[in-house]
Amino acid sequence: MRREERTSRSARILYRPVGITSSIVAGVVAGQVFKQVWKRVSAGDGADAPRALESEYSMKEVLAAAALQGAVFAVVKAAVDRGGARAFQRATGEWPGD
(Lines give C-alpha, C1' and ligand atoms only; values in the text may rest on other atoms or scores of the structure.)
Protein backbone atom coordinates (compact mmCIF):
# COMPACT_ATOMS: atom_id res chain seq x y z
CA MET A 1 0.00 0.00 0.00
CA ARG A 2 1.34 3.39 -0.99
CA ARG A 3 1.43 6.17 1.57
CA GLU A 4 0.21 9.51 0.24
CA GLU A 5 2.06 12.63 1.32
CA ARG A 6 1.37 16.14 0.16
CA THR A 7 4.33 17.95 -1.32
CA SER A 8 4.94 21.38 0.10
CA ARG A 9 4.76 24.38 -2.19
CA SER A 10 8.36 25.30 -1.34
CA ALA A 11 9.57 21.82 -2.37
CA ARG A 12 7.84 22.16 -5.73
CA ILE A 13 9.39 25.59 -6.28
CA LEU A 14 12.84 24.39 -5.24
CA TYR A 15 12.56 21.40 -7.56
CA ARG A 16 11.74 23.47 -10.67
CA PRO A 17 15.38 24.23 -11.61
CA VAL A 18 16.26 20.56 -11.02
CA GLY A 19 13.33 19.48 -13.18
CA ILE A 20 14.19 21.88 -15.99
CA THR A 21 17.84 20.88 -15.95
CA SER A 22 17.01 17.17 -15.88
CA SER A 23 14.64 17.63 -18.85
CA ILE A 24 17.40 19.25 -20.88
CA VAL A 25 19.86 16.52 -19.92
CA ALA A 26 17.26 13.85 -20.75
CA GLY A 27 16.72 15.34 -24.21
CA VAL A 28 20.43 15.36 -24.97
CA VAL A 29 20.96 11.84 -23.63
CA ALA A 30 17.90 10.52 -25.47
CA GLY A 31 19.19 12.00 -28.73
CA GLN A 32 22.54 10.28 -28.31
CA VAL A 33 20.95 6.97 -27.28
CA PHE A 34 18.63 7.10 -30.29
CA LYS A 35 21.53 7.74 -32.68
CA GLN A 36 23.37 4.70 -31.30
CA VAL A 37 20.28 2.49 -31.44
CA TRP A 38 19.49 3.64 -35.00
CA LYS A 39 23.04 2.84 -36.14
CA ARG A 40 22.59 -0.71 -34.88
CA VAL A 41 19.14 -1.33 -36.37
CA SER A 42 19.56 0.46 -39.70
CA ALA A 43 20.90 -1.25 -42.79
CA GLY A 44 23.35 1.47 -43.83
CA ASP A 45 26.71 2.22 -42.26
CA GLY A 46 26.48 5.35 -40.14
CA ALA A 47 23.08 6.17 -41.59
CA ASP A 48 21.10 8.95 -39.97
CA ALA A 49 17.47 8.29 -39.17
CA PRO A 50 15.09 9.32 -41.95
CA ARG A 51 13.20 12.57 -41.51
CA ALA A 52 9.58 12.98 -42.49
CA LEU A 53 10.34 15.23 -45.48
CA GLU A 54 13.13 13.16 -47.00
CA SER A 55 11.65 11.62 -50.14
CA GLU A 56 14.19 8.82 -50.53
CA TYR A 57 12.71 6.92 -47.57
CA SER A 58 9.47 4.99 -47.50
CA MET A 59 6.62 5.90 -45.17
CA LYS A 60 7.30 2.68 -43.27
CA GLU A 61 10.94 3.68 -42.62
CA VAL A 62 10.03 7.19 -41.53
CA LEU A 63 7.31 5.98 -39.14
CA ALA A 64 9.53 3.25 -37.71
CA ALA A 65 12.26 5.79 -37.00
CA ALA A 66 9.79 8.20 -35.41
CA ALA A 67 8.27 5.47 -33.23
CA LEU A 68 11.69 4.29 -32.07
CA GLN A 69 12.81 7.84 -31.36
CA GLY A 70 9.65 8.52 -29.34
CA ALA A 71 10.04 5.33 -27.33
CA VAL A 72 13.71 6.02 -26.57
CA PHE A 73 12.93 9.59 -25.56
CA ALA A 74 10.06 8.55 -23.27
CA VAL A 75 12.11 5.89 -21.49
CA VAL A 76 15.18 8.10 -21.04
CA LYS A 77 13.09 11.06 -19.86
CA ALA A 78 11.19 8.92 -17.34
CA ALA A 79 14.45 7.45 -16.00
CA VAL A 80 16.13 10.86 -15.67
CA ASP A 81 13.03 12.51 -14.15
CA ARG A 82 12.60 9.71 -11.65
CA GLY A 83 16.29 9.77 -10.73
CA GLY A 84 16.21 13.53 -10.23
CA ALA A 85 13.12 13.29 -8.04
CA ARG A 86 14.70 10.54 -5.92
CA ALA A 87 17.91 12.58 -5.50
CA PHE A 88 15.83 15.62 -4.51
CA GLN A 89 13.93 13.50 -1.98
CA ARG A 90 17.16 12.16 -0.47
CA ALA A 91 18.53 15.70 -0.19
CA THR A 92 15.41 17.41 1.18
CA GLY A 93 13.25 14.65 2.62
CA GLU A 94 10.31 15.66 0.38
CA TRP A 95 9.05 14.14 -2.85
CA PRO A 96 8.80 16.92 -5.46
CA GLY A 97 5.76 15.63 -7.31
CA ASP A 98 2.19 14.47 -6.70
Exercise. Look at the side chain of Ser22 and the backbone N and O of Gly19, then say whether any donor-acceptor pair between them is shorter than 3.5 Å.
Key: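 A pair under 3.5 Å: yes.
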
Quiz item: What distance separates Arg40 CZ from Lys35 NZ, expressed to the nearest 0.5 Å?
Solution: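 These two atoms lie 14.5 Å from each other.
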
Quiz item: How far does CD of Glu61 sit from CD of Glu56, to the nearest 0.5 angstrom?
Solution: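 Nearest 0.5 Å value for the CD-CD distance: 9.5 Å.
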
What residues, two or more places apart in sequence or in another chain, satisfy side chain to side chain contact (heavy atoms under 4.5 Å, CB included) together with [X]?
X: Pro96; answer: Tyr15, Ala85, Phe88
X: Val62; answer: Pro50, Ala52, Tyr57
X: Arg82; answer: Arg86, Trp95

Self-check item: Min side-chain heavy-atom separation Arg12-Arg9 under 4.5 Å
Solution: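 They are not in contact (no side-chain heavy atoms under 4.5 Å apart), so the answer is no.
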
Practice problem: Mind checking side-chain hydrogen bond (donor to acceptor under 3.5 Å, both in side chains) for Ser55 and listing every partner two or more places apart, or none if nothing turns up? | Solution: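 Result, side-chain hydrogen bond (donor to acceptor under 3.5 Å, both in side chains) vs Ser55: none returned.
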
Practice problem: Please name all residues satisfying side-chain hydrogen bond (donor to acceptor under 3.5 Å, both in side chains) with Ser23, sequence neighbours left out, ordered by chain then number. | Solution: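 Scan of Ser23 (side-chain hydrogen bond (donor to acceptor under 3.5 Å, both in side chains), adjacent residues dropped) gives Lys77.
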
Quiz prompt | For Val37, the rest of its hydrophobic cluster, which grows through side-chain links under 4.5 angstrom | solution =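 Val25, Val29, Val33, Phe34, Trp38, Val41, Leu68, Val72, Val76, Val80, all in the cluster of Val37.
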
Practice problem: Step through the shown structure and confirm whether more than 12 heavy atoms of other residues, nucleotides or ligands are within 6.0 Å of CG on Leu53. | Solution: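 No, the 6.0 Å shell around CG holds no more than 12 heavy atoms from other groups.
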
